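Worksheet: one structure, shown below.
Lettering of chains follows the sequences in order, A, B, ..., and the numbering in each one begins at 1. Computed from a predicted model, the values in this text were never measured in an experiment.
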There are 2 protein chains.
Amino acid sequence: MERASPPVPGPDAFWSCESYVVVVTPGTPTTQRSQAVTLEQPTLEAACEAIADGLEREALVTVFGRCTVDYDGRASSTLEAGDRHVMLKPDGAALVHTDEGQQPVNWQPPGCDHDVRCDGGADGESDPELILESVRSTPDERLCVRFEEVLQVSTFFGADENELALSGTEEDLRQRILDEPALLETGFTPLATERDTPAGAIDIYGEDAAGRSVVVELKRRRVGPDAVSQLRRYVDALERDLHADAAVRGFLVAPSVTDRATRLLSDHGFEFVPLEPPAE
Amino acid sequence: MERASPPVPGPDAFWSCESYVVVVTPGTPTTQRSQAVTLEQPTLEAACEAIADGLEREALVTVFGRCTVDYDGRASSTLEAGDRHVMLKPDGAALVHTDEGQQPVNWQPPGCDHDVRCDGGADGESDPELILESVRSTPDERLCVRFEEVLQVSTFFGADENELALSGTEEDLRQRILDEPALLETGFTPLATERDTPAGAIDIYGEDAAGRSVVVELKRRRVGPDAVSQLRRYVDALERDLHADAAVRGFLVAPSVTDRATRLLSDHGFEFVPLEPPAE
DNA sequence: GCCTAGGTCCCGTGG
DNA sequence: CCACGGGGCCTAGGC
């Protein structure tokens, strides 16, 4: 193992009221992959080495410390110095989290190349810093995180064979109607899902008891004006497609609907069916 | 400090090829808040105590280990055992990350109450586990993470006074047009932003050289059919609002537009103006 | 690669 | 509290 024990924090380590010394015990190789390796209060150089090693070995790497963040790509952003938690994933994703919010303050999607280096300090011209860069193309985007201080670096190896099982989606709602078409209206007959039109794919296409064409738009949650517009696009397109002057009925299926959307529905002569995705 | 050094991994610690001993050095209190405290390979009980302490002290807490995840709320999900990285934020947000994807596999938005406990094992009836729960109301939602094994617990304290400065937003694009209305069309005069209609707020409302009403919808990126529908809602609403039969012109301003959206624009007699948010 | 639409979307801003 | 629309949205599925 090339990374020896990190240096004990020197007398200039001003920020800590608890200090930790990490001691590496030589380990024996094993088939088990799960592992978390942590450096506390490393020097920037030690942090750099640990991060580079983690990236090389395709670990999930986290870095906590005082940093600035610059992003340039589809938009541009800057973030002045503060303490943040950075996660680099082996698939190329990068996340910068503050202590607030579900969303990262800055990020990079999967597919990026992560890079780490130490810079400055040697010549006294500039303060030393540890620089994380995540870059991708299509679109060209660059995320740059500069640490003036690193409090922790961790590398995580794990196994995760299982995938999320999710229910209560729009797909579940569709199945519910296909299983019991009368939930939409007595006499409704589904004929296709994802039926294509020049305006896009119709969630459920079918016929009513009188043989009239029916367009069904599904939403797993309460709907607003946008869902009505979407339904309108499909109904318009289908009427044009059938180019007979056959009236096409439009149904919006969702748990509930806002006032404004209700108004829009009525303006267009569409119908609303309150229905939720199955609970289970 | 009540949390003493974590136990040295016993001979049954089968999974590690590198093991770390964390030694606590008594520290001196300081005004500096930045701090990262880590337990490696703690027992479930030690992990529980450390997490509870971190939550109590409003730290950002991370836990890495083998866990299952159950979510129930707006939808429901289950995730079988695997190694994941969990982050609990002091604002009540919770994030469960696998080694893939920019998005967490499970989460809870800010505003939740986090809770941690140890369960089972004592009576031999069930395997011991560490249970993290994040609960909120409106809507009622519960996230439950059960660890059978914890490889690391960290608590982070930091200071972050600065906020993100972002440019290249729709707001920047709007300002660009307000500064130079001719970018839309010679003779265009903006009269209002966020002008309210029964269908919602118009990004920019104004008049053309001939005094005709103009509705401008802005998008910071390439637009598809949804943006055209949005413009249509506003134009329709405004025409009804003015209830004179005065024609209202609709403009879509964006860097570019898809084929289908181009077709929809022409169907509705709307105009497209290619324009990007300022780069700077 | 682009297009289209879903999402436990999150998030801010009004009402 | 709800409603509405933006977002560097991300992500999956087609083509």
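- When every heavy atom of B/Leu173 is checked against every heavy atom of B/Lys219, the shortest pair comes out as CD2-O, 3.4 Å.
- Put simply, A/Trp107 has a side-chain N or O that comes within less than 4.0 Å of OP1 or OP2 on D/dC10.
- Along DNA chain C, the nucleotide closest to A/Leu164 and the one closest to B/Val223 are compared, and the more 5′ of them pairs with B/Val223.
- Across the protein-nucleic acid pair, A/Glu194 atom CD and D/dG14 atom P stand 8 Å apart, rounded to whole Å.
- Heavy atoms of B/Ala199 sit under 4.0 angstrom from primed sugar atoms or phosphate atoms, though from no base atom.
- Proximity of B/Thr169 to the phosphate of D/dG8: no side-chain N or O atom is located under 4.0 Å from OP1 or OP2.
- Within the 4.0 angstrom heavy-atom criterion, only backbone atoms of the sugar-phosphate kind lie near B/Glu217; the bases stay farther away.
- The 5' end of DNA chain D is approached more closely, in terms of each residue's nearest nucleotide, by A/Thr258 than by the other of A/Thr258 and A/Ala75.
- Regarding B/Arg195, its CZ atom lies at a distance of 18 Å from the C1' atom of D/dG5, rounded to whole Å.
- As rounded to whole Å, 14 Å separates atom P of C/dC9 from atom CZ of A/Arg222.
- Among the heavy atoms of the strands lying under 4.0 Å from A/Gly101 are primed sugar atoms or P, OP1, OP2 only; no base atom is included.
- At a cut-off of 3.5 angstrom, counting only N and O atoms as typed in the model, there is no donor on one side facing an acceptor on the other between the side-chain of A/Glu170 and the base of C/dG6.
- The only option from A/Leu265, A/Val216, A/Asp208 that meets the side chain to side chain contact (heavy atoms under 4.5 Å, CB included) definition with A/Phe251 turns out to be A/Val216.
- The CG-P distance, from B/Leu231 to D/dG6, rounds to 12 Å in whole Å.
- At the phosphate of C/dC9, OP1 or OP2 sits under 4.0 Å from a side-chain N or O atom of A/Arg220.
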- Evaluate the criterion side-chain contact (heavy atoms from CB on, under 4.5 Å) for residue pair B/Val248 and B/Tyr234; output intermediate values, then yes/no. CA-CA 10 Å; B/Val248 173; B/Tyr234 301 149; over 6 Å; no
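- B/Pro109 comes within contact range of the sugar-phosphate backbone alone, with a heavy-atom separation under 4.0 Å but no base atom that close.
- As rounded to whole Å, 17 Å separates atom P of C/dC3 from atom CZ of B/Arg263.
- With hydrogens and angles ignored, a donor-acceptor pair under 3.5 angstrom links the side chain of B/Asn106 to the base of C/dT8.
- Between the side chains of A/His97 and B/Lys89, a donor-acceptor pair is found at a separation under 3.5 Å.
- Electrostatic pairing of A/Glu276 and A/Arg222 does not count as a salt bridge here, judged by no charged N lying under 4.0 Å from a carboxylate O.
- Between the CG atom of B/Asp196 and the C1' atom of C/dG14 there is a distance of 10 Å, given to the nearest Å.
- Using a 4.0 Å cut-off, no side-chain N or O of B/Gln103 falls inside it from OP1 or OP2 of D/dC9.
- Distances shorter than 4.0 Å separate none of the side-chain N or O atoms of A/Gln230 from OP1 or OP2 on C/dT4.
- Classification of B/Asp236 and B/Arg232 as a salt-bridged pair holds, one side-chain N sitting under 4.0 Å from a carboxylate O.
- The gap from the P atom of D/dT11 to that of C/dC11 amounts to 16 Å, rounded to the nearest Å.
- Just one residue in the list A/Leu132, A/Val86, A/Thr78, A/Leu79 forms a side chain to side chain contact (heavy atoms under 4.5 Å, CB included) with A/Val69, and that residue is A/Leu79.
- The six-membered or imidazole ring of A/His85 lies near that of B/His85, with a centre-to-centre distance under 6.0 Å.
- Among the protein residues, A/Arg260 comes within range of the sugar-phosphate backbone only, with heavy atoms under 4.0 Å from sugar or phosphate atoms but none that close to a base.
- Mapping A/Thr138 and A/Gly200 onto DNA chain C via the closest heavy atom, the residue that lands nearer the 5' end is A/Thr138.
- As judged by a 4.0 angstrom heavy-atom cut-off over every strand, B/Glu141 is placed among the base-contacting residues.
- Side-chain N/O atoms of B/Arg233 include one lying less than 4.0 angstrom from OP1 or OP2 on D/dG5.
- Residue contacts shown for B/Pro225 are limited to sugar-phosphate atoms, with no base heavy atom under 4.0 Å away.
- Donor-acceptor pairing under 3.5 Å, judged by distance alone, is present between the side chain of A/Gln108 and the base of D/dG8.
- Between B/Tyr234 and D/dG5, a side-chain N or O to OP1/OP2 separation shorter than 4.0 Å is present.
- The shortest distance between the side-chain N/O atoms of B/Arg74 and the OP1/OP2 oxygens of C/dC9 is below 4.0 Å.
- Heavy atoms of A/Arg174 sit nowhere under 4.0 angstrom from any nucleic acid atom.
- Contacts of B/Ser76 with the nucleic acid, taken as non-hydrogen atoms under 4.0 Å apart, are absent.
- Here B/Arg221 lies in heavy-atom contact (under 4.0 Å) with a base.
- In this structure, A/Asp140 atom CG and D/dG8 atom P are separated by 18 Å, rounded to whole Å.
- Rounded to whole Å, the distance from CD on B/Gln102 to P on D/dC9 is 12 Å.
- Using Watson-Crick or G-U wobble geometry with both donor-acceptor distances under 3.5 Å, D/dG8 finds no partner in any strand shown.
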